[in-house]
A.B. asks: 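Quick one: this structure, given as structure tokens, is what I'll be asking you about.
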Amino acid sequence: MDQPSTLVHVAIPRPLHTLLSYSVTAGEIPAVGVRVAVPLGKGVSVGLVLGVEAVAADSESEFAIKPIQAVLDTEPLADAHLLALLEWAARYYHCPLGEVIFSALPAALRKTKPLSKAMQRLLKPAAQPAAIAVEPDNALQLTASQQACLQSIQTWNAESTPRPVLLHGITGSGKTEIYLRLMTPLLAAGKQVLVIVPEIGLTPQLLTRFAHFFAEIPTVCLHSGLSDGERFKAWLRARSGQAQIIIGTRSAIFTPAPSLALIVIDEEHDASLKQQDGFRYHGRDLAIKRAQMLAIPVLLGSATPALESLYNVQTGRYRYLRLEQRPGSARPPALQVQDTRPFELQAGLTPDTLQALRNTLLRGEQAMVFLNRRGFAPALYCPSCGWQADCAHCSVKMTWHARRNRLVCHHCGAEQATPTECPSCKNPQLTTQGQGTERLELLLQNHFSGFPVVRIDRDSTSRKGELEEKLSAVRTNEPLILVGTQMLAKGHDFPNLTLVVIMDIDHALLSTDYRALERLGQLLVQVAGRAGRATKAGQVILQTSQPQHPLLQQLVGQGYTPFAKQLLEDRARWSFPPYGYHALIRASSETLEPALRLLEFIAERLKASEQVIQCLGPVPAPIEKRANRYRAQLLLGSKQRGALHTALDFLLAGGVKLRGCSGVRWSIDVDPVDFS
DNA sequence: AGCACGCCGACT
DNA sequence: GTCGGCGTGCTC
């Protein structure tokens, strides 16, 4: 008897570029979006059902179709919208769909284990939350410009297919207030709002504001500090519609939210929105895609918008709002460039800078010295023979950490005891070179005895609660000096902080990475924004040996917008993003040659695609060796996004294999932001 | 990614 | 004569 039977097409978390098909028995046909356990090779794998197809029982098949092993869920984990987003992302980033899907699901769902009864129950559709009266906080009055901003956004968002809005608001201009006010009516109507932030641990003040303002609204936070179980529970609460505010880092963009009505991307320029390994998506770009698919508004906020976003404003794809003034009497800080060349430096600081620090402390105010380099010194060398402490596994110098008296590689984590003499010539007098936050802390402690020096970096805050401890010391508003890295750049508001010193920006001014200047400009503006946030005027000192650099001059003299405009003109001249599109193919192997050879082969295949694209390279990566692997890269550029994608599809369809390149690992990075 | 199959060097 | 090296290819 030829009875019809049923096939399911399943995405598997492996680098397969196709779905696999399995048979199911009539009584257990799973719905699309349900997980199944399937036999794979000799083993068993989890998979997600993406298609169900009735076929004639006698239909021929290329393969021996195996039956699924078990249906794992009673309810679909992802709805059609989310699956469409993931399918789009897999195509756009040229990442296998199964890997995309399972990296978007909480880790608890990547196992071939059925959920407990309790968890199954939580997957059932829940009733929409009842409308809640959100109490307007009368203590919080919007300024006239905030009010005008809010009004514009609300008018625009009422359109049937709203365009993304870029809210360009200087530090302290009150972007958060706009977010809160925009969210209020939606939450009151029982809707959900997704808020994406760069790194949750670094934006505690944003979380506190939300918690106070929306005390009665169920909220979940999705960040790296959660255990698998906690993350899964938060995901379930969002999926049920019960949690109305979902705050999280980039991966939160994949959280199911049945009544999603708004997406907010805070610090939309931030590089941490781009995933740097595996499925290399951009959180902001997927947010815009998701919002577009759902026809809901999306708001991008930043004091220093990404060049891409400013360009999208120019072309009319985004709308733009500027929030200029700081509430109250706060004025923007005065920026001053300090030429380091004529001076003898102490731990990298000029005499003028030290004097400015002293004056600040004597006025009873706080100062911050920003140096994006951990450890005591970034190099240890022998003055007699020239030997230097290199990492055995990477092509970088090791950093000397004084407190632990160890040499540490900041790229692979390798550590070793500090040698007591030169391993090459036995000279017992090894010397350090360059500045790190540890050395800066020590110098400042000696120089300003009687005033506390608080160092905040990954090394000084590794213990749980240590960061909060240090921050609360700063919040006493007593005169002190803060020393720190990137960790200090955003999210903290110190009312008595009036001086910010920024060190070591030369490498970014001289970098060959075309994004380095954009990032430097953003960082300078963000860090400068720490100064003078309350009623006191702020001062910012930039130390550099390149004070005449035209773009630095422009940034200091005219501000971020003209600086960004100039950078955009430079990008246009070279057809660099956003005027052209890039994809970076990286390869690594135990020696450099096979990686280069494979990329050479790939470059040739791409040429055979007959698409209008440029290949730059292959060349060794800027950090040629990392964790014992040699790295090379091939940059692809095109003025047509479509040509680039067609070429990459052609490459993947043909398969990439070359004899003698067996140990080469390679990957595609669409819209790369990091070229190291 | 795993995990097999498949041809060339040092062992009971 | 075999055990096993990891190069190559497949997974419905």
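The figures that follow rest on heavy atoms only: side chains count, while hydrogens, waters and symmetry mates do not. Note that this is a predicted model, so its numbers are computed, not measured. Residue numbering restarts at 1 for every chain, and letters A, B, ... go by the order of the sequence lines.
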A.B. asks: How long is the line joining OH of A:Tyr22 and P of C:dT11, in whole Å?
C.D. replies: 10 Å
A.B. asks: Rounding to a whole Å, what distance do you find between A:Leu48:CG and C:dC12:C1'?
C.D. replies: 16 Å
A.B. asks: Side chain of A:Arg14 only, please: which of C:dC12, C:dG9, B:dG2 is the nearest?
C.D. replies: B:dG2
A.B. asks: Using 30° and 60° as the class boundaries, would you call the ring planes of A:Phe675 and A:Tyr514 parallel, tilted or perpendicular?
C.D. replies: tilted
A.B. asks: How would you label the contact of A:Ile65 with the nucleic acid (heavy atoms, under 4.0 Å): base, sugar-phosphate, or nothing?
C.D. replies: sugar-phosphate
A.B. asks: From C-beta outward on A:Lys657, which listed nucleotide comes closest to its side chain: C:dG9, B:dA1, C:dC12?
C.D. replies: C:dG9
A.B. asks: Rounding to a whole Å, what distance do you find between A:Phe279:CZ and B:dA1:C1'?
C.D. replies: 17 Å
A.B. asks: Mind calculating the distance between NZ (A:Lys66) and C1' (C:dC10) to the nearest angstrom?
C.D. replies: 11 Å
A.B. asks: Considering every strand and a 4.0 Å limit on heavy-atom distances, what is the contact class for A:Ser662: base, sugar-phosphate, or nothing?
C.D. replies: sugar-phosphate
A.B. asks: Please find out if less than 6.0 Å separates the ring center of A:Tyr281 from that of A:Tyr92.
C.D. replies: no
A.B. asks: Do A:Lys274 and A:Asp669 pass the salt bridge (charged side-chain N to carboxylate O under 4.0 Å, His left out) test, and can you show the C-alpha distance, the side-chain angles, and the key distance before you say yes or no?
C.D. replies: CA-CA 10 Å; A:Lys274 179 88 202 270; A:Asp669 188 352; 2.6 Å; yes
A.B. asks: Between C1' on C:dC10 and NE2 on A:His17, what's the gap in Å once rounded to a whole number?
C.D. replies: 14 Å
A.B. asks: Look at all strands and tell whether A:Pro13 reaches a base, only sugar-phosphate, or nothing, counting heavy atoms closer than 4.0 Å.
C.D. replies: nothing
A.B. asks: Reckon A:Lys42 has a side-chain N or O less than 4.0 Å from the OP1 or OP2 of B:dC3?
C.D. replies: no
A.B. asks: Grab the CG-P distance between A:Leu16 and C:dC10 for me, whole Å please.
C.D. replies: 12 Å
A.B. asks: For residues A:Phe576 and A:Tyr581, establish whether the separation of their ring centroids is below 6.0 Å.
C.D. replies: no
A.B. asks: Round to the nearest Å and state the distance from A:Glu53 atom CD to C:dC12 atom C1'.
C.D. replies: 13 Å
A.B. asks: Rounding to an integer number of Å, can you tell me how far A:Leu20 CG sits from B:dG2 C1'?
C.D. replies: 14 Å
A.B. asks: With side-chain hydrogen bond (donor to acceptor under 3.5 Å, both in side chains) as the criterion, how do A:His223 and A:Thr249 come out once you've worked through the C-alpha distance, each side chain's angles and the decisive distance to 0.1 Å?
C.D. replies: CA-CA 6 Å; A:His223 61 275; A:Thr249 46; over 6 Å; no
